[in-house]
Amino acid sequence: MDSSTTEIAHDFSPLIKVYKDGHVERLIGTDFAPPSLDDPKTNARSHDVVISQEPPVSARIFAPKIIHPHRKLPLLVYFHGGGFVIETPFTAQYHNYLNSVVSAANIIAVSVHYRRAPEHPLPAAFEDSWTSLKWVASHSGGNGSDELLNRHADFEKVFFSGDSAGGNIAHHMAIRAGTEGLPGVNLEGIVLVHPFFWGAEPVGSEKREASERSMADDLWRFVCPTTEGSDDPMLNPAKDPNLERLGCRKMLVCVAEKDELKDRGWYYKEVVEKSGWKGVVEVMEAMDEGHVFHLFNPTCENAAAMLNKIVSFISNT
């Protein structure tokens, strides 16, 4: 056997391994949950759509099973996490989570399937996400390719959200909406859950030793080989000159006490408030929980509390 087929070039366990012959082994987040016309637990329905053939971008759309014929519902565009390398909107964790959010908040959600590193390094995920948003916006006049969005999405009440890497993407899409505009869409707010932000210098109680910070630093260089480092504005919002141009009026940042990214969430609130942005940012911290705990233990008390908070954030517009 050729040793290149077994020798590891990059090991980011428990997420991904890349071998010297170039083949990629995703260790988690590879399952597929089919869309459903009627989820028995939540009474949510879902269907899949193709947004772009080249590059390949798709999404899963979620909605309450029953919507009044003339009713418009708030619209959530969701970007999944996974370090830019794993997961999709079609895995059971994300399918079930979006079912729960849509049911609890009585909204429509578009969960975006962007291209992932290392096959497609950043900024591919950002570009695909922006392509998705422009596709969503194309329905604001009622003549887009998806009839559910045409008939029932309220483009005056649009929200972006994501967890981990997806939280990073949601932030950048709000920046882009503010700098470039997204005609037909009124972005009310964004919800960032345990967002993957980082920086060259530690903040708060973050570990100080380079060796202890290497996982985040190395993963970032792996997914974005052209980067100059961990103070890249794509990773460190404090270094982004466009921060004050966030295209929403409010945001909710969810952090977890035992998450290594927790202090970045609090620091994000601080730098956004100092940037000149005119909106309101709120942070919710879950005690005694780790990174994206709500996906692994969706029925726990803290997950329920976070879901209720997100529902309230969306409802109180």
Would you please indicate if the ring centroids of His95 and Phe62 are separated by under 6.0 Å?
yes
Polar side-chain atom of His80 near backbone of Gly166 as donor-acceptor pair, under 3.5 Å:
no
Donor-acceptor pair, Ser111 side chain versus Ala59 backbone, under 3.5 Å?
no
Do Ile169 and Tyr114 have side chains that get closer than 4.5 Å, going by heavy atoms?
yes
The reported gap from CG in Asn186 to NZ in Lys157 (rounded to nearest 0.5 angstrom) is 10.0 Å
Return a table of donor-acceptor pairs under 3.5 angstrom between the side chains of residues 116-131 and protein atoms on other chains or two or more places apart.
unit_1, atom_1, unit_2, atom_2, d
Arg116, NH1, Glu87, O, 3.1
Glu119, OE1, Arg26, NH2, 2.8
Glu119, OE2, Arg26, NH1, 3.0
Glu127, OE1, Arg176, NH1, 3.4
Glu127, OE1, Arg176, NH2, 3.4
Glu127, OE2, Arg176, NH1, 3.1
Asp128, OD1, Arg115, NE, 3.3
Asp128, OD1, Arg115, NH2, 2.9
Asp128, OD2, Arg115, N, 2.9
Asp128, OD2, Arg115, NE, 2.8
Ser129, OG, Ala125, O, 2.8
Thr131, OG1, Glu127, O, 3.0

Within the distance-only criterion (no hydrogens, no angle test), does the side chain of Trp277 pair as donor or acceptor with the backbone N or O of Leu246 below 3.5 angstrom?
yes
If we ignore hydrogens and angles and just use 3.5 Å, is the side chain of Asp31 paired with the main-chain N or O of Ala92 as donor and acceptor?
yes
Look at the aromatic rings of Tyr19 and His23 and report parallel, tilted or perpendicular, splitting at 30° and 60°.
parallel
Can you tell me if Ser315 uses its side chain to pair, donor with acceptor, with the backbone of Val311 under 3.5 Å?
yes
Listed by chain and number, what are the salt bridge (charged side-chain N to carboxylate O under 4.0 Å, His left out) partners of Lys72, not counting sequence neighbours?
none
Tell me every residue that passes salt bridge (charged side-chain N to carboxylate O under 4.0 Å, His left out) with Lys239, counting only those two or more places apart in sequence or in another chain.
none
Quick one: which residue pairs count as a salt bridge (Lys or Arg N to Asp or Glu O under 4.0 Å) with a foot in residues 203-217, not counting sequence neighbours?
Glu206-Arg213, Glu206-Arg264, Lys207-Glu260
Partner residues of Arg245 under the salt bridge (charged side-chain N to carboxylate O under 4.0 Å, His left out) criterion, sequence neighbours left out:
none
Provide the closest heavy-atom pair for Glu228 versus Asp232 in the form atom of the first, atom of the second, distance.
N-OD2, 4.4 Å
For His171 and Tyr268, take the angle between the two ring planes, folded into 0 to 90°, and tell me which bin it lands in: parallel under 30, tilted 30 to 60, perpendicular over 60.
perpendicular
Donor-acceptor contact below 3.5 Å, side chain Thr227 vs main chain Cys224
no
Smallest heavy-atom separation, Ala303 atom then Pro298 atom, equals CB-O, 3.5 Å
Please evaluate residues Arg249 and Glu188 with respect to the criterion salt bridge (Lys or Arg N to Asp or Glu O under 4.0 Å), reporting the C-alpha separation (whole Å), side-chain torsions for both, the decisive distance (0.1 Å), and the verdict.
CA-CA 6 Å; Arg249 67 179 184 86; Glu188 280 284 326; 2.7 Å; yes
Kindly determine whether Ile8 and Lys20 satisfy side-chain contact (heavy atoms from CB on, under 4.5 Å), including the steps that lead there.
CA-CA 6 Å; Ile8 296 174; Lys20 288 188 176 180; over 6 Å; no
Check whether Asn297 reaches the backbone of Phe293 with its side chain - one donor and one acceptor, N or O, closer than 3.5 Å.
no
Sidechain-backbone polar pair: Ser230 side chain, Ala200 backbone, donor-acceptor under 3.5 Å
no
Is the side chain of Ser312 donor-acceptor paired with the backbone N or O of Lys309 at a distance under 3.5 Å, no angle test?
no
Do the side chain of Ser214 and the main chain of Ser211 share a donor and acceptor less than 3.5 angstrom apart?
yes
Carefully, step by step, assess His172 and Asn168 under the rule side-chain contact (heavy atoms from CB on, under 4.5 Å).
CA-CA 6 Å; His172 284 288; Asn168 179 305; 2.9 Å; yes
Residues that, via side-chain heavy atoms closer than 4.5 angstrom, fall in one hydrophobic cluster with Phe90:
Phe32
For the residue pair Phe160 and Phe79, does the interplanar ring angle fall in the parallel (under 30°), tilted (30 to 60°) or perpendicular (over 60°) class?
perpendicular
For Asp146, the option from Ile51, Ile61, Val136 that meets side-chain contact (heavy atoms from CB on, under 4.5 Å):
Ile61
In terms of relative ring orientation, are Phe222 and Phe12 parallel, tilted or perpendicular, with 30° and 60° separating the classes?
tilted
Do Ile175 and Tyr267 land in one hydrophobic cluster if side-chain heavy atoms of ILVMFWY residues count as linked below 4.5 Å?
yes
Can you measure from NE2 (His113) to OG (Ser52) and round to the nearest 0.5 angstrom?
12.5 Å
